[in-house]
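Encoded as structure tokens, the structure appears first; notes follow it.
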Number of protein chains: 2
Amino acid sequence: MHNPQEIRSRLARFREELKRSGVKATHQRLEIFREVIGSDEHPGVETVYRGVRRRIPSVSLDTVYRTLWLLLQRGLIDTLGPSHNRVRFDGNVRPHHHFICRRCGRVFDFTSRAFDELAVPSEVKAWGSVERAHVELKGVCGRCREKKNDPFLKNKS
Amino acid sequence: MHNPQEIRSRLARFREELKRSGVKATHQRLEIFREVIGSDEHPGVETVYRGVRRRIPSVSLDTVYRTLWLLLQRGLIDTLGPSHNRVRFDGNVRPHHHFICRRCGRVFDFTSRAFDELAVPSEVKAWGSVERAHVELKGVCGRCREKKNDPFLKNKS
DNA sequence: TTTCTTGCAAATTCTTTGCAGATTA
DNA sequence: TAATCTGCAAAGAATTTGCAAGAAA
């Protein structure tokens, strides 16, 4: 995402969101956020770290980690797949879809005729062969919505 | 997936697929595969390991890792999100979708009006509040399809 | 100020590898 | 038997944590 106008407006909303939740808008947080929204490459932690270091050479890797989780918790950025680190497997090869809680990482399966019937855009066919299609819905599950102020608990399954 | 009939037929296809690619159908591989397809919980490596140990107490964690990657390469099982270990972030909050190569882990973004307009099933609304929806298409990208016999290279971004 | 954050370094946790003995085809 | 696998143990990555010094409100 490279539109300067849009970036500016997201940075403004970012400051507000931090203020609202009583979290400080530090230089590091601003730059880490800017780095992620400015990239189209779905960067990993290490990549974000390298990018931010160009502007803040003294930034530490653990601050990058802490900040990314914070942004994720606040819903300011997203992850590919479930948010937690470990790989998780799915042995179900029949068509099905997922609802993923971004707080606890729980994954709910569901089926939907409408979702199964999606046509693959020709743009995508040019990139490679598509073998599976899943819809991934993300949000916060009922259980997590209740216990609002809990620490970001890591899913262990 | 608990239908015994279906499990049997998948195990049979599993043996064939292994034979076809000149890979041995060992006891461990059978049981690891069975464990994954028999679970609805999108298990992590550790969970699969614990499950398999109930039947093969001497199995080692590294065999579980090696086997899961093997099954994944062969397309016999799937992962949630991109297959490689590291978390990857996405700062793009505008509606968009992904095509993910299951070999190299590259992720291509695309937009699609039809995909954006999917209605959230009421079943899902009962589980929690949905904030984002992405379609995830998975397959093998053009680049990876060429170099067929390359080792499973890990994406580093 | 007062409270929250950072950077450092050390600790964990997760994943991969080399190799000799065990197993499959 | 020949070619692959497995288990072990040790290495290598990735991620998290405690704490004193530093920065924001």
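Below, read A as the first sequence line, B as the second, and so on, with proteins coming before strands; counting in each chain starts at 1. Quantities reported herein were computed from a predicted structural model and do not represent experimental measurements.
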*Between Thr79(A), Leu137(A), Val107(A), which is the residue that forms a side-chain contact (heavy atoms from CB on, under 4.5 Å) with Ile100(A)?*
Val107(A)
Using only side-chain N and O atoms of [X], determine if any of them is under 4.0 Å from OP1 or OP2 of [N].
X        : N       : value
Thr26(A) : dT5(C)  : no
Arg86(A) : dT15(D) : no
Arg66(B) : dC5(D)  : no
Gln28(B) : dG7(D)  : yes
Trp69(A) : dT16(D) : yes
Tyr65(B) : dT16(C) : no

Under 30°, 30 to 60°, or over 60°: which ring-plane class applies to [X] and [Y], parallel, tilted or perpendicular?
X        : Y         : result
Phe14(A) : Phe33(A)  : parallel
His97(A) : Phe110(A) : tilted
Phe99(A) : Phe108(A) : tilted
His96(A) : His134(A) : perpendicular

_Candidate nucleotides dC14(C), dA9(D), dA24(D), ranked by approach to the side chain of Lys24(A) - the nearest_ = dA24(D)
Whole-Å distance separating the [atom1] atom of [X] from the [atom2] atom of [N]:
X        : N       : atom1 : atom2 : answer
Leu61(B) : dA11(D) : CG    : C1'   : 15 Å
Arg53(A) : dT6(C)  : CZ    : P     : 17 Å
Glu46(B) : dC14(C) : CD    : P     : 7 Å
Tyr49(B) : dG7(D)  : OH    : C1'   : 10 Å
Ile32(A) : dT5(C)  : CD1   : C1'   : 11 Å
Leu30(B) : dT6(D)  : CG    : P     : 11 Å
Leu70(A) : dT6(C)  : CG    : C1'   : 13 Å
Arg20(B) : dA25(C) : CZ    : C1'   : 17 Å

*Most 5' of Asp62(B) and Val23(B) on DNA chain D, judged by nearest nucleotide*: Val23(B)
*Quick one: on DNA chain D, does Ser60(B) or His27(A) contact a more 5' nucleotide (nearest heavy atom)?*
Ser60(B)
*Is a donor-acceptor pair below 3.5 Å formed from side chain Lys19(B) to base dA25(C), judging by atom type as modelled?*
no
